[in-house]
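The next block holds one structure in the form of structure tokens; read it before the comments.
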Amino acid sequence: MLRGFKNFLMRGDVIVVAIGLVTALAFSTLIKAFTDSVINPIIARLQGGKAVGLGWQIGQAGNKATYINIGSFIGALIYFIIFMAVIYFLIVMPYKYTQARRGAEVFGEPGPVKTCPECLADDIPEAARKCRYCGSDQPRTE
């Protein structure tokens with residue numbers, strides 16, 4: 001029972017989706033901080049508003065709604081970098097090691113690519129026989 005659960009968790013798709021979800025959540029924190037601390041005060045300045053912190057007051061002194069809080073954004077940026085480093089060293093690196101022991105390469109460099117002469121897509125794998133976008137036959141490469 002535990003072996004099946006372990007095999008389920010160590011499937012490549014589950015790990016990739018989990019890392020993508022965690023990255024998206026961390027990135028959403030960064031975006032929220034940017035919008036709350038930089039974009040919203042600029043928009044609020046057009047309407048009027050007070051606040052204090054690391055940044056610039058673009059309206060009336062002490063108006064929190066028109067204060068560009070760079071300190072909050074820098075804090076979110078630092079959080080994002082630290083969080084992603086933790087994800088990389090605690091999830092990605094052990095996963096790469098485990099998959100390498102199984103003989104599979106994950107998160108490696110992409111293989112060589114070519115350009116489709118019909119639709120000019122430039123990310124077709126070199127060994128492809130047909131274009132994934134337009135379906136045209138691809139010339140053989142040596």
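We're numbering straight along the sequence, starting at 1. The structure displayed is predicted, hence computed values, not measured ones.
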| request: Please name the pair of heavy atoms, one in Lys114 and one in Pro125, separated by the smallest distance, quoted to 0.1 Å. | output: CE-O, 3.6 Å
| Is the side chain of Gln99 donor-acceptor paired with the backbone N or O of Arg102 at a distance under 3.5 Å, no angle test? | no
| query | Rounded to the nearest 0.5 Å, how far does CD1 of Ile82 lie from CG of Leu77? | reply | 10.0 Å
| message | Could you report the tightest heavy-atom contact between Thr115 and Gln138, atom names first, then the distance? | response | O-OE1, 4.3 Å
| note | Minimal heavy-atom distance between Cys131 and Ile124, with the atoms involved, is SG-CD1, 3.7 Å
| Phe27 side, atom CZ; Phe83 side, atom CZ - distance, nearest 0.5 Å | 14.0 Å
| said: If hydrophobic clusters are built by linking Ile, Leu, Val, Met, Phe, Trp and Tyr wherever their side-chain heavy atoms come under 4.5 Å apart, do Phe89 and Ile81 end up in the same one? | reply: yes
| Does some side-chain heavy atom of Ser136 sit less than 4.5 Å from a side-chain heavy atom of Cys119? | no
| Nearest heavy-atom neighbours spanning Ile19 and Val92 | CD1-CG2, 3.4 Å
| remark: Between the CZ atom in Arg129 and the CG atom in Asp137, the distance rounded to the nearest 0.5 Å is 10.5 Å
| task | Supply the atom-to-atom distance Arg101 CZ to Thr98 OG1, rounded to the nearest 0.5 angstrom. | result | 7.0 Å
| What's the shortest heavy-atom distance between Thr23 and Phe80, and which atoms? | O-CE1, 4.4 Å
| request: State, to 0.1 Å, how close Met84 and Ala26 come at their nearest heavy-atom pair, and which atoms those are. | output: SD-CB, 4.1 Å
| Do Tyr133 and Val113 belong together in a cluster built from hydrophobic side chains that touch within less than 4.5 Å? | no
